[in-house]
Number of protein chains: 2
Amino acid sequence: MNRRDILPHACDLYLQGGIEAVSMRRLARDLGVTAPALYRHYASREEILLEVVSESYRLCAEHLSRALSGRTPAERFHLTGEGYLNFALRHPKFYEMMHAPAHTLGAAVFPADLMARMDGVGQFFNDRVRECIEAELLRPLGAQEISLTLWAHAHGLISIYLRGCLHMDEEAFRLVFHESNRRIMHGMVTPLYEATQKDLPQDTAAVA
Amino acid sequence: MNRRDILPHACDLYLQGGIEAVSMRRLARDLGVTAPALYRHYASREEILLEVVSESYRLCAEHLSRALSGRTPAERFHLTGEGYLNFALRHPKFYEMMHAPAHTLGAAVFPADLMARMDGVGQFFNDRVRECIEAELLRPLGAQEISLTLWAHAHGLISIYLRGCLHMDEEAFRLVFHESNRRIMHGMVTPLYEATQKDLPQDTAAVA
DNA sequence: CGACGTGAGTTAACATCATTAACAATGAAT
DNA sequence: ATTCATTGTTAATGATGTTAACTCACGTCG
């Protein structure tokens, strides 16, 4: 038995019952082994959970990479958004795991290899945006900057939906997602808006 | 001892060491009592954690409500965004708790009173946006729709920052936050963009 | 061939966890 | 004075992550 045999079972347990369902004893039982044996391959439960997170990023990157089949910057840009949305809707538990706070996994901070995977996903977005700026489909506001804005919006909307705050089914949400994207791409303000942006007040001081 | 005495200590424990630091024994010890005594006031640990979530929403609503001191729709709109950002940056652990998945707390689904608090926060955003549409500062794209878009973007950006993915300090992030808001308010596309939106390909089928 | 070390498993144990059952003390109301 | 609800207690159950000490199989080298 080695690491590669353990990870799939850990993912299964996580998909079935969430993080707390991934217990060393239960995992060992599914592998036909006793709990301390797992410590031959992983230093701790935390290390196993981090591997599940890493797997989530791998799966996400796999969905995104299919956007490279697009033949124009616009197509690849569009397919990137679709890939991200599809990943989130098809693998909601993995999507959730991607954004789990470190302490939820018992870790103080994310290890370097995980940070690298995170940066990789971000870099993919950056590259698709840069292409579109060069093709003059997007305004030259900085590829990283636009990319971050788009990622933040997509992630925020998806995570709100996955928490069940929006009372709608998946098909309805796909429409909402696309409509919301249209809004941020084209803007939401009238000419009157700009005039109000001078002399805005500061937020009052903290309360407690 | 009653519920009102327990909650602050539960919050303290959570702020110090995260959700898993809130243990019945530890909490009881801090209150000068033994663990089973807590069950006189709360049915379970889950119920206590949900109360901490509820407290997070209360604190958030408190920050938002200060936006009502603005004297114009534009001011109140701006202060709402500032209030949300300030709440997240001043109370990051509470902000995180607001968006904790239910199973993280050991709960299958959120209770109705919590859902009501969530809707209340959403409603506040809606109302501020509606005001701005009526004042013709925002385009008439639907108050709920715009509100959701703005909330999603703000939440996504903040949660990405709080996870430490952006390598910057709080001051730098405040700038990024405002710049990103400017981008979604004014749009990011060139006139060329629209022409590319016809005949976009579908994402290929699922992989696994 | 035998000695040795290494890798991978075992059992037993420890401390901690949430939760429950059974019981005690306190104080107010009839 | 008795009754009853409230609010604690101790003891126990079963689960958790993790460690220590041990066993067993296997490959390598003298």
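Residue numbers start from 1 in every chain, and the chains themselves are labelled A, B, ... in the order their sequence lines are given, proteins ahead of strands.
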Would you mind reading off the distance between A:M1 atom CE and D:dA25 atom P, rounded to a whole angstrom? 18 Å
May I have the distance from A:E20 (atom CD) to C:dA18 (atom P), rounded to whole angstrom? 12 Å
For B:E145, is there any backbone N or O sitting under 3.5 Å from a side-chain donor or acceptor partner on A:R183? yes
Spell out protein contact along nucleotides 10-18 of chain D as letters: B when the base is contacted, S when just the sugar-phosphate is, - when no protein heavy atom is under 4.0 Å; keep the 5' to 3' order. BBB---BBB
Can you name the closest pair of heavy atoms from B:G164 and A:M115 and give their distance? O-CE, 3.9 Å
Calculate, to the nearest 0.5 Å, the distance between atoms NE2 and CZ belonging to A:H78 and A:R128 respectively. 15.0 Å
Using a strict threshold of under 4.0 Å (side-chain N to carboxylate O), is an ion pair present between A:D113 and A:R117? no
Does B:M98 offer a backbone N or O that forms a donor-acceptor pair with the side chain of B:Y57 under 3.5 Å? yes
Take atom CG of B:N2 and atom P of D:dT7, then tell me their distance rounded to the nearest Å. 8 Å
Neighbour count above 12 (heavy atom, 6.0 Å) for A:Q197 CD: yes
How close or far is atom P of D:dT19 from atom CG of A:L38, stated in whole angstroms? 13 Å
Answer yes or no: is there a donor N or O on one side and an acceptor on the other, between the side chain of B:H186 and the main chain of B:R182, under 3.5 Å? yes
Expressed in angstrom and rounded to an integer, what is the separation of B:L27 atom CG from C:dT19 atom C1'? 15 Å
Reckon B:H41 has a side-chain N or O less than 4.0 Å from the OP1 or OP2 of D:dT6? no
Specify the closest pair of heavy atoms between B:E46 and B:G106, including all atoms of both residues, with the distance to one decimal. OE1-O, 3.1 Å
Sugar-phosphate atoms are those with a prime plus P, OP1 and OP2; base atoms are the rest. Using that split, label each nucleotide of nucleotides 23-29 of chain C B, S or - for protein heavy atoms under 4.0 Å, 5' to 3'. B------
